[in-house]
Every structure is written in structure tokens, then in C-alpha cells.
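Working notes, beginning with the structure itself.
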Amino acid sequence: MPEGPIGKIGVTVSPADPNRVWAIVEANEGGVFRSDDAGQTWKKVNDERKLRQRAFYYSRIYADPIDRNTVYGLNVDFWKSTDGGETFDVEITVPHGDNHDLWIDPNDPMRMISSNDGGGVVSINGGKTWTEEDYPTSQFYHVMTTSDVPYHVAGAQQDNSTLAMPSEGWNHMLGRGPGHGYHYAVGGGESGWITQSPTDPDVFYAGSQGALLTRYNRKTGQYRDIQVYPRFFSGEPASALPERWQWTFPIMFSPLDPSIMYTTSQHVWKTTNDGQTWEKISPDLTYADPETLGKTGGVITMDMNGPEIYATVFALAPSMHDVNTIWAGSDDGKVHITQDAGKNWVDITPSDLPKFSRISIIDEGKFQPGTLYLAANRYQVDDRQPYVFKTKDYGKTWTKIIDGIEDGHFARAIREDLEKPGLLYLATEHGVYVSFNDGANWQSLQLNLPDTPIRDLVLKNDDVVLGSHGRGFWILDDIRPLREAVEVSAKNEVALFKPANPIRGVYDAAIQYYLPEEAESVTIEIKDAEGI
């Protein structure tokens with residue numbers, strides 16, 4: 001084995017010969033090592049970079065269940081060796097790159113399942129051909145909804161394109177602009193926020209890694225790069241960058257002035273001319289601890305590809321009550337507010353929020369100025385507990401609101417209902433919660449939702465819309481019963497919930513009701529305004 005330092009090691013044992021073991025070792029003199037005596041002695045058989053680049057992300061090796069000389073190495077590409085690992089000269093083509101896991105049928109090695117950054121694929125001929133990647137396994141970082149009817153749901157997929165599609169029915173298909181089928185891309189790339197122009201529904205703004213920010217017109221198909229600081233920084237540490245841009249950074253308009261759009265590095269940036277020029281309107285709003293700004297990836301195989309950039313403004317909330325008020329939260333645990341359009345910023349970080357907390361989503365209260373809800377997480381420092389806070393006085397005081405949230409269900413996003421004060425929704429690593437009393441208590445809203453990370457949650461009309469990281473988009477239709485639940489529960493009487501507004505051929509009329517006890521039958525009469 002190579003001398004230290006030693007990093008990640010992938011190991012596989014040949015089912016055809018239990019004495020034969022392979023290890024792919026991250027080290028300065030690393031590579032593929034083989035033992036033919038159950039690990040008593042080792043021989044280095046291969047040191048090709050194609051098998052050990054970005055070692056933290058890959059370092060996967062798998063033995064064939066039948067042939068003792070066949071072994072597979074996973075990395076950006078998918079490699080096969082038939083000479084005991086000495087040469088990996090057979091490339092297996094899969095529908096998507098970045099290969100992370102492999103299952104081989106122990107009775108028939110022609111049958112295998114590959115797991116890559118595009119999802120899962122199946123082969124029955126040893127990797128010559130694969131199934132299409134059409135399973136609902138998309139990993140979304142954020143979710144947004146459009147002003148279309150029916151509204152479209154959009155998000156950026158990990159290692160793929162942005163994606164937008166109608167929320168209702170296959171018959172509506174694209175609705176607008178160029179494209180195909182029932183979905184279309186809206187610019188940007190795999191990791192970004194997306195926002196729609198408040199004045200032109202065909203125009204979208206979307207981000208991606210490396211500070212990319214695009215303006216896309218789905219009517220004409222025109223793309224324009226409007227990024228604030230056009231410097232591609234892959235391979236550079238955060239300390240070398242004048243502007244630190246996170247993998248996924250906010251892009252949003254002022255709710256009160258449709259000409260103002262914001263985005264963030266460690267600073268808050270503002271444009272009033274559609275991205276032609278940008279104005280910096282804040283100082284550094286992060287801790288900017290030098291220990292968090294250096295080279296990343298370890299002492300053996302450094303890796304600086306964008307997600308590692310730290311000390312950035314990760315969450316933003318322009319006020320819907322005052323055009324000069326903006327709230328900001330950083331990925332290292334700082335919260336700030338300005339009430340004079342960025343001339344002065346005040347640190348309002350909750351005292352109970354530890355340093356190095358990622359402030360994931362902040363949501364301003366819709367009914368009372370000075371209210372902010374905050375969802376943060378610390379899993380990157382091995383703390384998987386939820387951190388959820390609210391303030392009612394512009395951040396002078398904070399209340400931690402986590403009662404009812406299970407251990408390990410760290411928070412990703414929090415939103416207040418569009419119509420009901422104190423009705424809150426929380427997205428976590430393991431599903432969704434609801435609170436009917438302004439966060440004093442939470443209860444599960446999981447229903448039929450898979451146990452999967454929910455990265456973002458938004459409300460649109462009478463729906464809750466989710467962007468999951470692994471199972472695509474989900475919609476909970478017509479939440480009007482939730483808005484009336486407290487009053488109905490207190491009375492415990494028969495109640496008919498006011499239906500959401502239907503649109504013929506688009507949104508069906510859903511009639512929902514509450515019965516305090518089971519009934520053998522229910523009759524509903526629908527009458528016109530004259531009672532007929």
C-alpha cells in the first residue's frame with residue numbers, strides 16, 4: 001500500500017475468488033491495488049487518472065460475480081477491465097456521466113443497474129445498451145411557479161438542465177414558446193435559482209455554477225449572459241475571488257418594484273436595467289472566516305469546482321411591505337437587514353443560531369411588517385438538528401420554533417401561507433411539516449410523499465409545490481381545508497370548504513367537506529346564484 005497521507009478507499013472482493021481483492025486508493029502514489037491472498041500482500045496494478053480523478057466524489061470499484069479477472073471502475077466515465085485490473089481499456093457508455101454506484105446480478109453479470117448523476121439505468125447485455133433515464137428521480141435545488149394558466153413549475157436539476165412544465169394535465173403541453181413535449185428549459189444550468197419577469201411572462205432569469213446568470217426569452221429563444229462578475233473560477237479557492245458565488249445563489253425581483261432585480265455573492269447586487277449594469281448595495285454580509293475560504297478537497301486531491309465556495313449570501317427576501325427593506329442570510333450563519341435600500345445594514349443574527357449555520361431560506365411575513373421566518377441547517381458540521389426561527393420586530397428578538405420536528409429532520413425551507421396568518425409550511429431533509437399556530441407546534445404533512453430531501457417549497461394559488469432532491473416535483477392540490485382547519489376543529493361541526501376557483505378545461509372544481517363523525521351517505525347539491 002502507498003505511504004500516507006491516505007484518503008478515500010474503495011474496496012471490492014471477487015465472488016468468483018474470495019482471495020482476490022481490489023482497492024482503489026486515494027494517495028499521492030495511489031491507484032488500483034490487487035491482492036490475491038485476501039489482503040496479506042498487495043500489488044499496484046493501475047494508476048490511471050481516469051479512475052481516480054475527484055477521488056472524494058468517486059473511488060468506486062466493483063468485481064464481476066462470475067469472472068475473477070473482470071472488474072469495473074466508476075468515475076466520470078464507466079470503465080471495465082478483463083485482465084485483473086491492470087488495464088481498464090473498455091469504456092461502457094451510459095446515458096449520463098458521473099458514475100457513483102453499480103449493482104450486478106450475482107447470477108447473471110449481463111444484468112446490471114448503474115447509478116449516475118442522471119438517475120438510474122438498467123442493462124441486460126452487460127452495458128452495451130441501457131434503458132432511458134425517464135424515471136422521476138430529478139434532483140431539484142429550488143422550485144418556482146410561473147404566471148401561466150395553468151401555472152408552470154420550474155427548477156434546476158443537478159447535473160442537468162433547468163426544467164419547466166405545466167402543473168395540470170398532459171393536454172396543456174408547452175403552452176408558449178419553442179420546445180418539445182411537455183417540458184422546456186429556461187436558461188441557466190444545473191444548480192441555479194429561477195425567476196420569471198413580473199412584466200413579461202416569456203422572460204426568465206436563471207443561474208448556475210460559476211456565477212452564470214442568463215436572461216432567456218422562451219418566445220424568441222434568445223439567451224443573454226447577464227452575470228455580475230464574468231469570471232469562471234473552477235480550480236480557485238474562495239480566498240482568491242473578489243466575488244464569491246455559491247453553487248446556487250438567489251435571483252429575485254422586488255415584490256413592490258418590478259424594475260428591481262437582486263442577486264448575491266458575499267454582497268447584495270441590484271439591477272434596474274435588466275442586467276445591463278449592476279450596483280453593489282451591501283458590504284460583505286458573512287463571517288468570511290479565513291479558515292473557510294482556503295483550498296478544499298483535502299491535502300491529496302484538491303477539488304474546487306463551485307459547490308465549495310463558502311461565506312456567501314445564500315438567502316434573500318426583498319420586502320413586500322417596504323421597497324427599501326431587504327433581509328439577507330449567509331451560508332455561514334449571519335442575518336442582516338437594510339431599511340434604506342442598502343445604504344446601511346444591521347446585523348440581526350439570532351443569538352441561538354451557531355456560527356457556520358447555512359441559512360437556507362428566509363420568508364418575510366405577509367401580514368405583519370417586521371416578521372421574518374428563517375430555516376437553517378448545520379449538517380455540514382455534523383449537526384443534523386433543525387434550526388427554525390421567527391422574528392416579529394425586524395430581528396431585535398427571535399423565537400426558536402422547532403417543537404414537533406423530528407430529530408435529524410434538518411430544515412431546508414419555510415413559507416407562510418398566502419391567505420392565512422400563522423399557517424406555516426416547512427420543508428426538511430425528510431419531508432414536509434405544517435404549523436397552524438405560527439410555528440409553536442409542527443406536525444407532519446407527509447401524506448403519500450416519499451421520504452426524500454425537500455430542498456424548496458413554494459405556495460401558488462391554493463397549492464403547495466415542492467422541489468425534491470431525488471424524486472422530482474410534487475404538488476399538494478387545494479389546501480383550503482388547511483386554512484380553515486383551526487376554526488372547523490374548534491366547532492367540530494359539518495363544514496363545507498369554499499372551493500378554489502375552477503377554470504373550465506384547466507382547473508376542475510374540487511368540493512371538500514368535513515364530517516365530525518362517519519356517515520353512511522353524503523348528498524351535495526350545487527345551485528346557481530338564485531338557488532336553483
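All of these numbers come straight from a predicted model, not from anything done at the bench. In this chain, numbering begins with 1 at the start of the sequence shown.
- Closest approach of Ile226 to Thr214, counting heavy atoms only: CG1-C, 4.4 Å.
- Classification of the Trp269-His267 ring pair by plane angle, with boundaries at 30° and 60°, yields perpendicular.
- Side-chain contact of Ser357 with Arg378: a donor-acceptor pair under 3.5 Å is present, judged by distance alone.
- Atom CG of Asp347 is separated from atom NZ of Lys334 by 4.0 Å, given to the nearest 0.5 angstrom.
- Environment of CZ in Arg111: sparse, with no more than 12 heavy atoms of neighbouring residues, nucleotides or ligands closer than 6.0 Å.
- If you check the side chains of Tyr62 and Asp101, you find a donor sitting under 3.5 Å from an acceptor.
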Report task. With side chain to side chain contact (heavy atoms under 4.5 Å, CB included) as the test, would you mind laying out the steps for Trp278 and Leu213 before giving the verdict? Result -> CA-CA 12 Å; Trp278 292 89; Leu213 203 171; 4.1 Å; yes

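- Between the side chain of Ser191 and the main chain of Trp247, a donor-acceptor pair closer than 3.5 Å is present.
- Going from atom CZ of Arg34 over to atom CH2 of Trp42 covers 10.5 Å, rounded to the nearest 0.5 Å.
- A donor-acceptor contact closer than 3.5 angstrom is absent between the side chains of Thr146 and Gln196.
- You'll find the side chain of Tyr205 stays beyond 4.5 Å of the side chain of Met252, heavy atoms only.
- With hydrogens and angles ignored, the 3.5 Å screen pairs no side-chain donor or acceptor of Gln227 with any backbone N or O of Gly275.
- Looking at Gln385 and Asp407, their side chains come closer than 4.5 Å, going by heavy atoms from C-beta outward.
- Ser234 and Asn305 share a side-chain donor-acceptor pair at under 3.5 Å.
- Within 6.0 Å of atom CE in Met110, more than 12 heavy atoms from other residues, nucleotides or ligands are found, so the atom counts as buried in its surroundings.
- A donor-acceptor pair is defined here as one N or O able to donate and one able to accept, closer than 3.5 Å; no such pair exists between the side chain of Asp363 and the backbone of Arg415.
- Between the side chains of Asn69 and Arg20, at least one donor N or O lies within less than 3.5 Å of an accepting N or O.
- Minimum heavy-atom separation, Phe33 to Pro2: CZ-CD, 3.3 Å.
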Query raised in the report: After noting the C-alpha distance and the side-chain angles of Glu190 and Gln158, does the key distance pass the side chain to side chain contact (heavy atoms under 4.5 Å, CB included) rule?
Result: CA-CA 5 Å; Glu190 66 175 302; Gln158 160 62 25; 3.4 Å; yes

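- Relative ring orientation between Trp345 and His336 is described as perpendicular, the plane-to-plane angle rising above 60° on a 0-90° scale split at 30° and 60°.
- Panel note: side chain Thr271, backbone Met261; no donor-acceptor pair is recorded below 3.5 Å.
- Residues Tyr57 and Asp117 bring a donor and an acceptor atom of their side chains to less than 3.5 Å of each other.
- Checking Asp98 against Tyr58 by side-chain atom types alone, a donor-acceptor pair falls below 3.5 Å.
- In this structure, OG on Ser59 lies 5.5 Å from NZ on Lys8, to the nearest 0.5 angstrom.
- Enclosure of atom CD1 in Ile6 by more than 12 non-hydrogen atoms of other residues, nucleotides or ligands within 6.0 angstrom is indicated.
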Requested in this report: Please assess Phe314 against Thr248 for the test side chain to side chain contact (heavy atoms under 4.5 Å, CB included), listing each intermediate value before the final yes or no.
Outcome: CA-CA 8 Å; Phe314 197 83; Thr248 173; 3.9 Å; yes

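- Taking the side chain as every heavy atom from C-beta outward, Met112 and Trp130 approach each other to under 4.5 Å.
- Side-chain contact between Gln53 and Glu48: absent, with no pair of heavy atoms (C-beta onward) separated by less than 4.5 Å.
- Side chains of Val465 and Tyr151 form a contact here, defined as non-hydrogen atoms less than 4.5 Å apart.
- With a 4.5 Å cut-off on side-chain heavy atoms, Asp37 and Asn19 do not count as touching.
- Between atom CG of residue Asp451 and atom CD of residue Glu429 there is a gap of 9.0 Å, rounded to the nearest 0.5 Å.
- Of the possible donor and acceptor atoms, none in the side chain of Asp64 sits under 3.5 Å from a partner among the backbone N and O of Val71.
- Across Gly408 and His430, no two heavy atoms sit closer than the pair O-CD2, 3.6 Å.
- In this structure, Tyr387 contributes its side chain and Pro354 its backbone to no donor-acceptor pair below 3.5 Å.
- The backbone N or O of Val122 sits less than 3.5 Å from a side-chain atom of Thr131, completing a donor-acceptor pair.
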Query - Chi angles and distances behind the salt bridge (charged side-chain N to carboxylate O under 4.0 Å, His left out) call for Asp284, Arg244 - result: CA-CA 10 Å; Asp284 188 332; Arg244 301 189 295 270; 2.9 Å; yes

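- Just one of Phe204, Tyr184, Phe473 meets the ring-ring contact (aromatic ring centres under 6.0 Å, His included) condition when paired with His152; it is Tyr184.
- Looking at heavy atoms from C-beta onward, Val464 lies out of side-chain contact with Val432 at the 4.5 angstrom threshold.
- Taken to the nearest 0.5 Å, the CD atom of Glu91 stands 4.5 Å off from the CG atom of Asp77.
- For the salt bridge (charged side-chain N to carboxylate O under 4.0 Å, His left out) with Lys355, the lone residue among Asp289, Asp331, Asp332 that qualifies is Asp289.
- In this structure, the side chains of Phe88 and Val32 come closer than 4.5 Å at one or more pairs of heavy atoms.
- The aromatic ring centroids of His469 and Phe140 lie 6.0 Å or more from each other.
- Side-chain atoms of Arg60 and Tyr72 include no donor-acceptor pair closer than 3.5 Å.
- Applying the side chain to side chain donor-acceptor pair (under 3.5 Å) definition to pairs two or more places apart or across chains, those involving residues 291-304 are Glu26-Thr301, Arg54-Asp303.
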